[in-house]
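Written below as structure tokens is the structure these notes are about.
What's counted below: heavy atoms across the whole structure, side chains too, no hydrogens, waters or symmetry copies. For clarity, every value in this text was computed on a predicted model and none was experimentally measured.
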Amino acid sequence: MTAPSTHEVTLLLAEWAKGNERALDALTPLVYKELRQLAASYLRKERQSHTLQPTALVHEAYLRLVNHKNPSWQNRSHFFGVAARLMRQILVDHARGRQAVKRAALKVPLEEAVSFQQERRRDLVALDAGLNALEKIDPRKCKAVELRYFAGLSMEEVARALDVSLVTVRRDLRMAEAWLQREIQNA
């Protein structure tokens, strides 16, 4: 079975937004597989006995996605961007529940903080707080980080989703990473 085209997913999202339940039925297996792969990639480095499994993560995110009252998905990238944000929120909630200890001020690369490993729970909570603060001052940079690191989109896909140039995406990510690094250290 080949991967669904971006156009096919976008068309089904548009039909679902118009209230077509058959479109949602057709869309479900297409996006579920991608969501499952995304969740699995986040949790791949976790210990095997970790209490949050990719299937549980994707199910929770998917339920939240399909329960939108008036979905208005612009395209595939928008849908997966929202899905990535939901997964981040779920993982942060899980990390907060499992780790209430104040984190030590250590320098943590963004890729490691996003890895969701056991020893990185505190970093994930700090990263979430940093992303929330970044969103208030520069929503586009926050969205670029979410699409790149949480949704797993390529730089080109992020540029298309944000309707900016590839150079702008690279610059936004560099600036956001540096800003988040400082926020994580000061948390």
### Counterpart residues, ring pair (Phe, Tyr, Trp, His ring centres under 6.0 Å), relative to Phe79 (two or more places apart)
Trp73

### Task
For Thr28 and Leu24, indicate whether the former's side chain and the latter's backbone hold a donor-acceptor pair under 3.5 Å.
yes

### Task
Determine yes or no for a side-chain-to-main-chain donor-acceptor pair under 3.5 angstrom, with Glu157 supplying the side chain and Ser154 the backbone.
yes

By side-chain contact (heavy atoms from CB on, under 4.5 Å), which residues pair with [X], not counting sequence neighbours?
X	result
Ala23	Leu12, Glu15, Trp16, Asn20
Ser72	none
Thr55	Tyr32, Arg36, His59
Glu60	Arg64, Ile90

Who passes side chain to side chain donor-acceptor pair (under 3.5 Å) against [X], sequence neighbours left out?
X	answer
Arg170	none
Asp138	Lys141
Glu135	Arg85

Hey, are the side chains of [X] and [Y] touching, using non-hydrogen atoms and a 4.5 Å cut-off?
X	Y	answer
Leu131	Arg88	yes
Val31	Tyr62	yes
Val9	Asn75	no

With rounding to the nearest 0.5 angstrom, report the [atom1] to [atom2] distance, [X] to [Y].
X	Y	atom1	atom2	result
Thr168	Met175	OG1	CE	11.0 Å
Arg140	Leu162	CZ	CG	7.5 Å
Trp179	Leu134	CH2	CG	5.0 Å
Cys142	Ile137	SG	CD1	10.0 Å

Quick check: closest heavy atoms across [X] and [Y], and the distance to 0.1 Å?
X	Y	answer
Pro29	Ala26	CD-O, 3.4 Å
Leu57	Ala39	CD2-CB, 3.7 Å
Leu147	Ser77	CD2-O, 3.8 Å
Met87	Ala61	CG-CB, 3.8 Å
Ala83	Leu35	CB-CD2, 3.4 Å

### Message
Pair Asp172, Lys143 - check side chain to side chain contact (heavy atoms under 4.5 Å, CB included), show working.
### Response
CA-CA 10 Å; Asp172 281 358; Lys143 191 69 167 171; over 6 Å; no

### Message
Under 4.0 Å between a side-chain nitrogen and a carboxylate oxygen: does that hold for Arg76 and Glu34?
### Response
yes

### Query
In the single-linkage hydrophobic clustering (I, L, V, M, F, W, Y; side-chain heavy atoms under 4.5 Å), do Leu27 and Leu11 co-cluster?
no

### Query
When you look at Glu177 and Gln181, which way does the side chain to side chain contact (heavy atoms under 4.5 Å, CB included) test go after all the steps?
CA-CA 6 Å; Glu177 289 167 0; Gln181 192 66 253; over 6 Å; no

### Message
Please determine whether side chain to side chain contact (heavy atoms under 4.5 Å, CB included) holds for the pair Arg160 and Leu153, giving the CA-CA distance in whole Å, both sets of side-chain angles, and the decisive distance to 0.1 Å.
### Response
CA-CA 10 Å; Arg160 280 193 303 273; Leu153 299 184; over 6 Å; no

